[in-house]
Amino acid sequence: MAQKRLLMKGNEVIAEAAIRAGCRNYFGYPITPQTEVMHYMAKKMVQIGGNFVQAESELAAINMVYGAASAGFRAMTSSSSPGISLKQEGISYIAGAELPAVVVNIVRAGPGLGGILPAQGDYFQATKGGGHGDYRNIVIAPASVQELYELTVEAFNLADKYRNLVMILGDGTLGQMMEPVAFRDEEPIVTYEKPWATNGRGYNDDGSYKREHNTITSIYIDPDVLEVKNNELQAKYELIRQNEVRYEAIGLEDAEIVITAFSTCSRISRNVIRQAAELGIKVGMIRPITLWPFPTQAIADAAAMPNVKAFLDVELNAGQMIEDVKLAVNGAKPVYFHGRLGGNLPTQKEILDKIVAIHEGGKV
Amino acid sequence: MAQKRLLMKGNEVIAEAAIRAGCRNYFGYPITPQTEVMHYMAKKMVQIGGNFVQAESELAAINMVYGAASAGFRAMTSSSSPGISLKQEGISYIAGAELPAVVVNIVRAGPGLGGILPAQGDYFQATKGGGHGDYRNIVIAPASVQELYELTVEAFNLADKYRNLVMILGDGTLGQMMEPVAFRDEEPIVTYEKPWATNGRGYNDDGSYKREHNTITSIYIDPDVLEVKNNELQAKYELIRQNEVRYEAIGLEDAEIVITAFSTCSRISRNVIRQAAELGIKVGMIRPITLWPFPTQAIADAAAMPNVKAFLDVELNAGQMIEDVKLAVNGAKPVYFHGRLGGNLPTQKEILDKIVAIHEGGKV
Amino acid sequence: MIDFSIILAGFGGQGILSAGKFAAEAALYEGKEVSWFPSYGPEMRGGTANCSVVISDEPIGSPVVNDADVVICCNQPSMEKFEASIKPGGYLIVDTGMIKIKATRTDINVIELDASGIADEFGAMAYGPISMLGCLSKATGCFSRESFEKSLYEVLPERRHKMIPGNLAAFDKGAAAV
Amino acid sequence: MIDFSIILAGFGGQGILSAGKFAAEAALYEGKEVSWFPSYGPEMRGGTANCSVVISDEPIGSPVVNDADVVICCNQPSMEKFEASIKPGGYLIVDTGMIKIKATRTDINVIELDASGIADEFGAMAYGPISMLGCLSKATGCFSRESFEKSLYEVLPERRHKMIPGNLAAFDKGAAAV
Amino acid sequence: MANVSFNEDLCKGCGLCVNACPKGILQLDKERLNAKGYHPVTCTDKDACIGCTQCATTCPDVVITVER
Amino acid sequence: MANVSFNEDLCKGCGLCVNACPKGILQLDKERLNAKGYHPVTCTDKDACIGCTQCATTCPDVVITVER
Amino acid sequence: MAIVFEKTEGLTGKPFHYCPGCTHGIAHRLIAESMVEMGILGTTVGVASVGCSYNSYEYFNCDMVQAAHGRAPAVATGIKRTLKDKTVFTYQGDGDLASIGCAEIVHAAARGEKICVFFINNAVYGMTSGQMAPTTLLGQVTTTSPFGRDASYQGYPINVAELLSNLTGAAYVERVCMTDFKNINNAKKAIKKAFKVQQAGLGFAFVEFLSTCPTNWGKAPLDAMDWLKEKMIPQYPLGCFKGEDITVQALDEMIAAKAAGEEVKA
Amino acid sequence: MAIVFEKTEGLTGKPFHYCPGCTHGIAHRLIAESMVEMGILGTTVGVASVGCSYNSYEYFNCDMVQAAHGRAPAVATGIKRTLKDKTVFTYQGDGDLASIGCAEIVHAAARGEKICVFFINNAVYGMTSGQMAPTTLLGQVTTTSPFGRDASYQGYPINVAELLSNLTGAAYVERVCMTDFKNINNAKKAIKKAFKVQQAGLGFAFVEFLSTCPTNWGKAPLDAMDWLKEKMIPQYPLGCFKGEDITVQALDEMIAAKAAGEEVKA
Ligand SMILES: Cc1ncc(C[n+]2csc(CCOP(=O)(O)OP(=O)(O)O)c2C)c(N)n1
Ligand SMILES: Cc1ncc(C[n+]2csc(CCOP(=O)(O)OP(=O)(O)O)c2C)c(N)n1
Ligand code: SF4
Ligand code: SF4
Ligand code: SF4
Ligand code: SF4
C-alpha cells in the first residue's frame with residue numbers, strides 16, 4: 001500500500017529511495033544543485049549504520065563506488081555536470097569491469113563552470129559514453145519527484161541485474177523542487193547473487209579456502225581476449241535494448257505533431273498539449289524514460305503512422321536527443337527542434353508558438 | 001618545396017609538426033601508445049627553449065594547457081583513451097572559456113584499462129562531447145603519417161582561428177607506425193591577434209596601464225547571460241560546420257557500395273576497393289578527415305545518387321560514426337556495418353566478404 | 001485550478017522559503033498537486049531569497065514560475081523584480097512595512113499589509129510571511145485556513161506545535177486585511 | 001609490388017626492430033611506399049619482439065600484417081607463432097642457430113641460415129638479423145643490396161658509418177645462403 | 001584632525017569595524033536599512049576620530065575611507 | 001645436508017641469487033637458454049649447499065626451492 | 001587632510017558578493033594593495049578557483065583566469081611557464097586546494113613552481129553550503145558531518161602549510177590570520193614576501209590565511225572571529241614554516257641582481 | 001630433509017611477467033607469504049594499480065581488484081568501508097601513487113583509512129618505458145628528463161614516507177629495501193606490522209619499498225641493486241617514520257582484545 005504523500009525535495013528523495021533500495025554505501029563530493037543528496041546521506045547513513053564518505057574529489061568518489069561494488073555491495077555516487085565529467089574514467093572502468101553501480105547526475109548548465117541552473121546538456125555524455133571505449137550506461141530520466149523515487153529504486157535492481165552502471169539523469173529543476181511523493185510500504189528489491197564479488201575467499205572449517213580467488217579487472221591485454229570480452233559486453237547491451245526500454249506515449253492515435261521530450265521538458269510539454277488541443281491542434285508526446293536504451297522502435301512506429309505529420313523535439317540544450325529521434329524517424333517525417341540553454345526553461349508559450357508555426361507553416 | 005621523405009614514427013611526427021606549427025608548450029602525462037610524443041617533446045623543447053612539463057596527471061596537463069592558452073600561447077597535450085577521459089572536465093572548460101588548444105588522442109581499446117592496441121572507440125567522446133554541456137571540439141582524423149604532420153600543423157591554425165579546441169584523433173596504429181613523411185621548408189602558420197589573452201595589463205611609460213584587465217572564465221552565473229554566451233558558441237560551431245568540413249571521396253561516380261571509414265580503417269578499405277573492382281563490384285569511399293564538423297552533406301549527396309545502392313561503415317568499434325552516417329543518409333539507402341574491437345584491425349578479406357555479401361545478398 | 005502559481009520573495013532569513021512550503025503543504029492537504037521551487041540562482045549570496053509554488057488539479061508542468069497568479073513581496077528589490085511577472089488580473093501582496101514604493105501596474109490587484117509590523121508584534125520575523133499567506137488564502141482561495149492549520153500540525157514536529165496558535169493568529173491578521 | 005609484407009620476430013635486444021627499419025629504409029630509398037609497425041602488445045615485457053614491414057607501389061593499407069609474404073624468425077617461439085601466417089608460396093627465413101625445430105609447412109619456401117652464428121662471428125647480436133635481410137633481398141628482390149647500402153649511409157649518423165662494412169658483409173653472407 | 005567616511009551602500013553591517021575602533025565611536029544604525037537590506041555602520045562622534053585606519057583595515061568590504 | 005633446486009623455466013638469469021649465495025656455488029649457465037630465452041641459474045656444487053635460503057629469498061621469480 | 005586609507009586601484013571596485021563579515025574581502029584587499037604598492041598590478045596574472053571566490057576575477061584589477069575546481073596550481077603553471085617574467089598567483093579555498101586539488105598543490109610545490117599561492121582556510125566549504133573540508137576541526141558540525149567531525153569516521157584535519165613545508169621545492173610557507181589590525185598587517189607582509197620570493201626566482205611561495213565563514217559556521221561575524229582565534233589557531237598555529245631565514249632585504253638584493261641579469265643562486 | 005623454502009600458496013604460481021632482476025617479484029612474494037603466515041589470505045582483498053604490476057591480481061592468491069591509475073586508495077576505501085572485518089591492501093608504484101594518485105593517497109592517510117599501502121618506489125615509470133617519476137633523483141636521466149632531472153625545471157623528488165608521516169591519520173609509515181637477505185627480512189617484518197596495524201584498527205599503514213627497475217635504469221640487475229644502495233638510499237633513508245613505538249606485542253594484544261569484543265583505544 002502506498003503511504004501518504006509527503007512534500008519532499010527531489011534530491012532528498014533520491015537519497016531516501018537509495019536507502020530504501022538497500023544501498024548502504026554513498027560516496028560523493030559536494031556540488032550544486034545536488035548537494036542535498038549528500039546532506040541527507042551524511043545524516044541518514046550514520047543513523048542506520050551505513051557508509052557515507054565525503055570523498056576528496058569526484059574521481060575518488062567514483063572509485064570508492066568501484067571498490068564497494070567490487071566487494072558486492074550496492075553503492076552510489078551523485079554529482080552534477082563538471083563533477084560527472086571527472087568521473088568519466090571511473091565510469092568507463094565500471095563498464096569494463098562490469099560492476100553494478102548507480103550514478104546520479106543532476107545536470108546544470110555548461111560548458112565549463114557554466115551556471116548552476118537546470119540543463120540537459122549532458123545527454124550525449126550520459127548516453128553515448130563520455131568515457132573512452134565502447135560501453136553503455138543505462139540512463140534513466142525521471143520527470144517528477146515521485147518518479148525520482150521509483151526509478152532510483154529500480155536503478156539499483158537494474159544495476160545488479162545486468163552488472164551495469166545505471167545513471168539517473170535529472171536536472172536542477174528535479175533536484176531542487178519539492179513535490180509530493182508517496183513511498184511504498186515495501187520496496188520491490190530484487191536480490192542477485194554475486195559470486196564474482198571480491199569479498200575474501202573465506203575459510204572452511206579445515207582451514208582450506210572456500211573458493212578460488214576472485215578478481216575484478218577491466219584490462220585484457222591480449223586483443224583477442226579483449227575482443228571476446230567486448231563482444232560479450234555488446235551482447236549484454238543488446239539484451240538490455242530488448243528488455244528495458246521504457247517510455248510514456250500520449251495521444252499518438254490522432255496526433256498530428258509528436259513532441260519528444262524527457263524530464264522537465266516533458267512536464268512543460270504536457271501542458272502545451274492541452275493548450276494546443278484548445279487551439280484545435282492535435283499534439284502527442286513520446287517521453288523516453290530510459291534515454292538508453294532509447295525507445296527507437298516506439299518513435300519509428302509513430303513516424304510510420306499516417307496521422308503523424310511531424311516531430312518536435314524539446315530539450316534544455318542545443319539539440320542532443322534529437323539525433324536519436326532522427327535516427328529512429330529515419331527520414332520518414334520532419335523533426336523540428338526547440339531548445340533553451342544556460343539554465344533557462346522553455347515556457348509553454350514558446351513551445352506552443354513552435355507547434356502553431358509547424359502546423360500553420362504548411363510544414364505539416 | 002617539400003623536403004626529402006623521412007621514415008618516422010607517427011607519434012614523433014605529431015611532436016615535430018607541433019613544434020613546426022610554433023607550439024612551444026607541451027604538457028603531458030605518459031600513456032601507451034602515445035608516449036613517443038612526450039619523449040620527443042622532452043628532448044626538443046629543452047633544446048629549443050620551449051616548455052615541456054610532465055604533469056602530475058592528465059587533469060593537471062589539460063589545465064596547464066588551459067593556463068598557457070589563456071596567456072596567449074600555442075599549447076598542446078597528448079594522451080590516450082583513459083587519459084583523455086580524465087581531461088573531459090578540462091576540455092569542457094576550454095570550450096566554455098573559448099581557448100585555442102590542441103589535444104591529441106592516440107586511441108587504444110577500452111573500456112576501462114582495456115588494452116593498448118589500436119581502436120576508434122572514442123569517436124563519440126571526441127565528437128559529441130565527453131565532457132558536460134553543449135560544446136564541440138573540432139576533431140581531425142589523419143590517415144597517414146604524412147597527414148599526421150600536415151593536419152597537426154593545421155590544427156594549431158584552426159584552434160587559433162576559432163578559439164576552439166582541436167582534437168587529433170589517431171589510433172595506436174598511426175601513433176606507433178613508421179611511414180615516410182616529407183616536411184615542408186616553411187609551414188603555413190597563420191598568426192592571430194589575441195587581445196583577450198591574460199598576459200598582464202602592461203604599463204605605459206607614464207605608469208598607467210596599457211589596457212583594462214582581461215579575464216578568462218567559463219562561468220556565467222546569470223542564466224540569461226549564459227544563454228547568450230551559449231548561443232554565441234552555437235553560432236561559432238555553425239560557422240565551423242560551414243567552413244571546415246574536410247573529407248576525401250573516392251570513386252563515387254559509379255560506386256554501387258560506398259564505404260565510410262576514417263583513419264586506419266580507410267587505409268584498409270582503400271585496398272578493398274581495388275580488390276572488389278577485380279571482382280567486378282564498384283565500391284567507392286567517403287573518408288571523413290574532420291569527424292566534427294562531419295561531412296554530412298557529402299554523404300547525403302552520395303546517398304541521393306542513383307548508382308549508390310548501399311553504404312558500408314567500417315570502424316574499430318561497436319558502431320559509433322555510423323550514427324552520423326545514418327543521420328546524413330537519413331533513410332535514403334541502407335547502411336551496413338563492419339567493426340572490430342579490442343585492438344584488432346579488420347582484414348581486407350573481412351571487409352571484402354561483407355561487400356560481396358551486401359552485393360550478392362540481393363541487399364543492394 | 002490548473003497551475004495556479006505563486007512567487008514569494010524577500011530577504012534571506014525572513015522565512016520566505018518556509019512560508020512557501022507551508023502554502024504548498026496546505027494545498028497538498030487538500031489533495032492538490034503542488035510544487036515548490038527555490039531560487040538557488042545568482043542572487044543566492046546577495047541576501048535575497050525567493051521561491052515559486054504551483055498548485056494544480058492536474059500534474060504540474062514547470063515548477064519554475066515565469067508568469068505568476070500571485071506575487072508576495074517582502075522587500076523592495078523583490079517588488080522591482082517581480083511586479084512585472086504578475087498575470088493581468090493577478091495579485092500582488094506587499095509588505096508595506098518593508099516596501100516604501102507603490103505598485104505601478106493597474107491591471108492587477110494589490111493587497112497591502114504591514115507584515116513586518118505583524119512580525120514585530122509577534123516577536124519573530126517569520127510571522128511576517130505567514131501573515132501574507134493569510135492574505136493569499138483569503139484573496140484567492142488557493143487553500144483554506146483549515147488546510148493551513150492542518151498542515152501545520154502535519155509538518156511541524158510535536159515540540160514545535162506550541163507555535164501553531166501564533167502562526168494562526170498572524171495568518172488571520174493577514175486574512176483580515178483583504 | 002602491392003603490399004609486400006614482412007614479419008621479423010625474435011627475442012628483444014636481438015636487433016629485430018632495427019633490422020625491420022633498415023629494410024623499410026632500403027625500400028623507401030627505391031621510391032617505394034613503406035611502413036614499419038612494432039609489436040607493442042602483450043608480449044612486450046615477455047622478452048620477445050617483432051615488427052611488420054610493408055613495401056608497396058601503392059599507398060599502404062594496414063601496416064599490421066596478418067598474412068605475410070615473408071617471415072623472418074630469430075627464435076623458436078616466433079617460429080611457433082608466425083609460421084602459420086605465411087601466405088602460400090611465401091618465404092620463411094629461419095635462424096638455425098637459435099631454432100632447433102623444423103618448419104612444418106610444405107607450401108612455402110624455407111630458407112635456413114645460421115644467423116646467430118654469423119652474429120657471433122661478427123661479434124654483435126645485431127648482425128644476425130642483418131644477415132637475414134641479405135636472404136630477404138636475394139630471395140624476393142623487395143629491395144636491392146645497393147639500396148640497403150645507400151640507406152645505411154642515410155640513416156646512420158656519421159660516427160657510426162664505420163660499422164657499415166660489417167653490416168654489408170653480414171648482409172652478403174646471408175644473401176649467399178639463398 | 002581626522003575624518004572617517006563610509007560608502008554606505010556597500011556596508012553589510014557585519015560590525016567588524018565597530019569592534020576594531022579603539023575610540024568606540026562606530027555603531028551599526030539599527031534604525032536604517034541600506035539598499036542591500038543591512039543596517040549600515042555610522043560614526044557617533046566624528047570629532048573623536050583619530051584616523052588610525054583600524055576600522056578601514058578590518059572592513060572586509062572596503063566601505064571605509066580615512067583622512068588625516 | 002641441504003638441497004637447492006630450481007624451477008628452471010621460470011629463471012630469468014638475473015644473477016641476484018648468484019650474488020646472494022654465501023658459498024659461491026650458483027652460476028648462470030651461459031651454455032644454455034631456457035624456454036624463455038634466458039641463461040638459467042645452475043648449482044656448481046650441490047654438496048656445498050648449506051640450505052641458508054639466501055638465494056631463494058633474493059630471487060624475484062620464486063625459482064628456487066631449498067630443503068634442509 | 002590627506003587620504004590615509006581608501007579603496008586600492010588593485011580592486012576593480014565592483015562590490016564583493018561575500019557574506020557580511022566574511023574575511024575573503026580582507027584577503028582580496030591585501031593582495032590587491034600589495035600588487036599596487038609593489039608596482040606589479042600590470043605584470044601580474046591571477047588565477048581564481050572554484051569556491052565563494054570563484055569570481056574574484058571580477059574584483060582583482062590585474063589579468064585573471066578562472067580555473068577549474070582544484071586545478072588553479074596547474075593553470076598557474078601553464079601561465080608562469082609561458083610568462084616567465086610575469087608574476088602569477090592563485091587564490092584558493094580549502095576545499096579547492098586541500099581536497100580536490102591536493103595533487104596539484106603538492107606537485108606545484110614539489111616542482112618548485114615559481115608561483116604564489118594564497119590559501120583561504122575557513123575550515124568549511126563555503127560556496128556549496130557548508131560541507132566538511134579537509135581542514136574542518138574535529139568535532140565541528142557541518143552539513144556533511146552533522147554529528148561533528150569524528151576522527152574514526154571522517155579522519156583528521158590536514159595542516160596544509162606544515163605538509164607543504166616538507167617539500168624541497170617550497171621556498172616560503174607561512175600561515176597568517178586576519179582577526180585584527182596587527183594580524184592583518186602581518187598578513188600583508190606575508191603576501192609581499194611571497195611575491196618577492198617569486199620575483200627572486202626562489203620557488204614556490206605559499207601563504208595560508210585563516211579566514212571566517214560566518215554563514216556556514218552559523219555565527220555572527222564577531223563571534224566567528226572569536227571562534228577562529230579560540231578553535232582554529234590551536235589546530236593551525238600561525239607562523240612561518242619555511243623560508244623564515246630569507247629576509248626581505250636579501251630578497252630585494254636577489255631581485256635587483258636578477259634585474260641586472262645576474263644568475264641567482266638560491 | 002624438509003623443505004625450508006618454496007613458493008608460497010599466497011601466490012597463484014603464474015610466472016611473473018616482470019623483467020629479469022626486477023624486485024617487484026620479491027615484494028610480491030613477501031606480501032603473499034605474510035598473508036599466508038598470518039592466516040589472512042582468505043580474508044584479504046588486494047587492490048592492484050596501474051604500472052608494471054597492473055596484473056598483480058593474477059599473482060596474488062587472495063581476492064583482488066584492479067584499480068584505475070592512482071585511484072587504488074579510493075578503491076580500497078570503498079572495499080574497506082563495506083568489509084570492515086577484512087584486510088585490505090593496495091600495491092602501487094611511484095608514478096601511480098605519488099604522481100597521478102597523490103590526492104588519493106594523502107586523503108586516505110588523512111582519513112586514517114584502515115588499509116595497508118605497499119608502495120614500490122623505483123624512481124621511474126616502469127610500464128610506460130622509463131619516464132620521470134616524482135621520486136626520480138636529481139640528475140637522473142629518464143625518457144622525459146633526457147638531460148637529467150634538473151630541479152629548476154622539473155622540481156625535486158618527493159619523499160613520500162616522510163610526507164605522509166605528517167598526517168595524523170597515518171598510524172604506521174616505514175621505508176624498506178630489498179637489496180639483500182637482511183633487508184628483505186626486514187621488509188617482511190614491516191609488511192606484517194602493517195597488516196597488524198590494520199587489524200588492530202589503528203589507522204593507515206604504509207610501507208615504502210625501494211625497488212629496482214633494471215630495464216629502465218639501463219642497468220644489469222646487480223648493478224641496479226648497487227645503484228639503489230648508492231643513490232636511492234641517501235635520498236630515501238630507510239627506517240620507520242611513524243609508529244616506531246608501536247610494538248608487535250602491543251599490536252597482538254590490541255588485536256586479541258578486539259577479537260574479544262573490547263573497544264580499542266589507539
Ligand atoms: C569539479 C567540481 N566539483 C565540485 C564543484 C562544486 N563546488 C563549488 S565551490 C566548492 C567548494 C568550495 O569550498 P572552498 O574551496 O573551501 O572555498 P570557500 O567557498 O569556502 O571559499 C565546491 C565543492 C565544482 N564547481 N566543480
Ligand atoms: C589514466 C592513465 N594515465 C596513464 C596511464 C599509463 N600508465 C600506465 S602505467 C604508468 C606508470 C606506472 O609507473 P609506476 O606507478 O611507477 O609503476 P612501475 O611501472 O614503475 O611499477 C602509466 C603512466 C594509464 N594507464 N592510465
Ligand atoms: S566592517 Fe565594513 S561592512 Fe562591516 S559594518 Fe563596518 S563598514 Fe560595514
Ligand atoms: S635470482 Fe631467480 S631469476 Fe634470478 S638468476 Fe637466480 S634463480 Fe634465476
Ligand atoms: S559562504 Fe562563507 S566563505 Fe562564502 S562568502 Fe559567505 S561567509 Fe564567506
Ligand atoms: S620495467 Fe622496471 S619495474 Fe617494470 S617489470 Fe621491468 S624492471 Fe620491473
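Per chain, numbering begins at 1; letters A, B, ... match sequence-line order.
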Checklist outcome for this item: Most heavy-atom pairs under 4.5 Å with chain H, out of B:N51, B:L113, B:V53, belong to B:L113
Next on the checklist: Assess whether a salt bridge exists between H:E113 and H:R81, defined as any Lys/Arg side-chain N lying under 4.0 Å from an Asp/Glu carboxylate O.
Outcome noted: yes
Checklist entry - Does B:R20 make a cation-pi contact with B:F183 (under 6.0 Å, within 45 degrees of the axis)? => result yes
Checklist entry - Using 4.0 Å as the upper bound for N to carboxylate O, is an ion pair formed by B:E16 and B:K44? => result yes
Checklist entry - Judged by atom type as modelled, is there a donor-acceptor pair below 3.5 Å linking the side chain of H:H28 to the main-chain atoms of H:H24? => result yes
Item to check | Carboxylate-amine/guanidinium contact B:E179 B:R267, below 4.0 Å | outcome: yes
Checklist entry - Side chain, backbone, both or neither: which part of H:Q66 has a heavy atom under 4.5 Å from chain B? => result side chain
Next on the checklist: Using a 4.5 Å heavy-atom cutoff, which residues in residues 57-87 of chain B come close to chain H?
Outcome noted: B:S57, B:E58, B:L59, B:L86
Next on the checklist: Donor-acceptor check, side chain of H:N159 to backbone of H:Q235, threshold 3.5 angstrom: yes or no?
Outcome noted: yes
Next on the checklist: We want to know whether B:H39 and H:Q131 form a side-chain donor-acceptor pair, criterion being a heavy-atom distance below 3.5 angstrom.
Outcome noted: yes
Checklist outcome for this item: The interface call for B:F52 against chain H, heavy-atom contacts under 4.5 Å, is both
